[in-house]
2 protein chains.
Amino acid sequence: MSTHFSKRDELIHALTDQMRISSTVTIFFHQAIAEHLGLNQTDHKCLELLQRKGAMTAGELAEESKLTTGAITGVIDRLEKAGFARRVKDPNDRRRWIIEIVQENIKIIEDLFKTFAQQTMQLYDKYTDEELAVILDYVSESTNLTVEWTKKLREKR
Amino acid sequence: MSTHFSKRDELIHALTDQMRISSTVTIFFHQAIAEHLGLNQTDHKCLELLQRKGAMTAGELAEESKLTTGAITGVIDRLEKAGFARRVKDPNDRRRWIIEIVQENIKIIEDLFKTFAQQTMQLYDKYTDEELAVILDYVSESTNLTVEWTKKLREKR
DNA sequence: GAAAACATCTTAGTTGGTAAGATATTTAAT
DNA sequence: ATTAAATATCTTACCAACTAAGATGTTTTC
């Protein structure tokens, strides 16, 4: 009774392994970015949310980041002090503060990512259009799965 | 003067976007796993290091996780209390504690990931061997890049 | 066998989080 | 129009987990 693994099994095994490594590496990477910017991880995550989703109120930021409003007050204080974001009173509802990014000061971050993007471009050169399409499909689908699992885990307690 | 984007440009743009989303989603996922296990993120990260790299001394764990030895003492205390790891005196050097995983109690985590792995298998069905090889290559290469960038960021300060 | 090196733990102080409630503003009800 | 309820953010008191520095116990070196 010999255990035989097909080439496909081996591919799948290697990919599973590599995805796990990729997760861990990603987490360390984001930690390193935050440190580089002189921010803690939470503050950096909130800054990214603001970059990706655009200006929003303090309450929305709390909801998106899964932090309490009390914690968000501190986050915004620190981001404001670092010059990356600022509070603007909502003219229509003066209870609300809208938190927006300070474009001039965010340039450092954008330049950083531009360098990274350039190196990634070189990686893309390796692949044909068809291959890139497969990669995109896989990354999208596996991200969808991860989102699903995250929801399930949160529901379970 | 019209800006024209080729199909390839669009693919690359979409992939860049998707990779960024994937990072964020991964971070939330790991947060959810930790919560599910009743651990904080730091403790969970250390547990993963032990799973991936095998048993190691408290000092090695501190180095791998970029925590101080003081913090690691707390991490190990909590992992031990939760039953996921234990301290074993190094018989050759009694200054050292070797931290090892408690296999019986780690099963919960393995079962959790087995479920995830099964669902991922269905995703793999979509792809040919050749396509899986391309995906594996891309994930490996982009992980390597991320590792490189992480190092660079840490060196720079 | 004494000094230096080493591995881990302990302690004191700091940071960033939550929960609960204070303050200010808007919306809804009569 | 006034009052009550709802809403948005901030403040406060408290707690968990981190760092830095040094204490403790063990090994290595000379």
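So that the names make sense, note that chain A is the first sequence line, chain B the second, and so on, each numbered from 1. Values in this document were obtained by computation on a predicted structure and should not be read as measured data.
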Between C/dA20 (C1') and A/Leu67 (CG): distance, integer Å: 17 Å
Touch class at under 4.0 angstrom, heavy-atom based, for B/Ala58 against every strand present: sugar-phosphate
First of B/Arg87 and A/Pro91 reached from the 5' end of DNA chain C, by closest nucleotide: B/Arg87
Separation of C/dG17 P from A/Lys45 NZ (nearest whole Å): 9 Å
Pairs touching residues 73-82 of chain B that satisfy salt bridge (charged side-chain N to carboxylate O under 4.0 Å, His left out), sequence neighbours left out: B/Asp43-B/Arg78, B/Asp77-B/Arg87, B/Glu80-B/Arg87
Phosphate contact (D/dA17 OP1 or OP2) by B/Asn40 side-chain N/O below 4.0 Å: yes
Between C/dT8 (C1') and B/Ile98 (CD1): distance, integer Å: 13 Å
Side-chain-base donor-acceptor pair under 3.5 Å for A/Thr69 and D/dC10: yes
Side-chain N or O of A/Arg94 closer than 4.0 Å to phosphate OP1/OP2 of D/dT7: no
First encountered from the 5' end of DNA chain D, between A/Arg96 and A/Asp77: A/Arg96
Atom-to-atom span, CG of B/Asn92 to C1' of D/dT26 - whole angstrom: 13 Å
Sugar-phosphate only, base, or nothing, as touched by A/Gly70 at under 4.0 Å among non-hydrogen atoms: base
Short side-chain N/O contact from B/Thr42 to OP1 or OP2 of D/dC18, under 4.0 Å: yes
Salt bridge (charged side-chain N to carboxylate O under 4.0 Å, His left out) partner of B/Lys53, the single match among B/Glu60, B/Glu100, B/Glu64, B/Glu63: B/Glu64
Side-chain (B/Asp90) to main-chain (B/Arg96) donor-acceptor, under 3.5 angstrom: no
Base of D/dT9 paired with side chain of A/Arg95 (donor-acceptor, under 3.5 Å): no
Under 4.0 angstrom between B/Thr73 side-chain N/O and C/dT10 OP1 or OP2: no
Student check: side-chain heavy atoms of B/Thr150 and A/Ile33 closer than 4.5 Å: no
From C/dT18, D/dT9, C/dT8, nucleotide with atom closest to A/Ala71 side chain: C/dT18
Gap between atoms NZ and C1', on A/Lys66 and C/dT18 respectively (whole Å): 16 Å
Protein-nucleotide distance (B/Glu35, atom CD; C/dG17, atom P), rounded to Å: 14 Å
A/Arg78 CZ - C/dT14 C1' separation (whole Å): 13 Å
Minimum heavy-atom distance A/Tyr138-B/Tyr127, with the two atoms named: CA-OH, 3.2 Å
Protein-nucleotide distance (A/Asp43, atom CG; C/dT15, atom C1'), rounded to Å: 11 Å
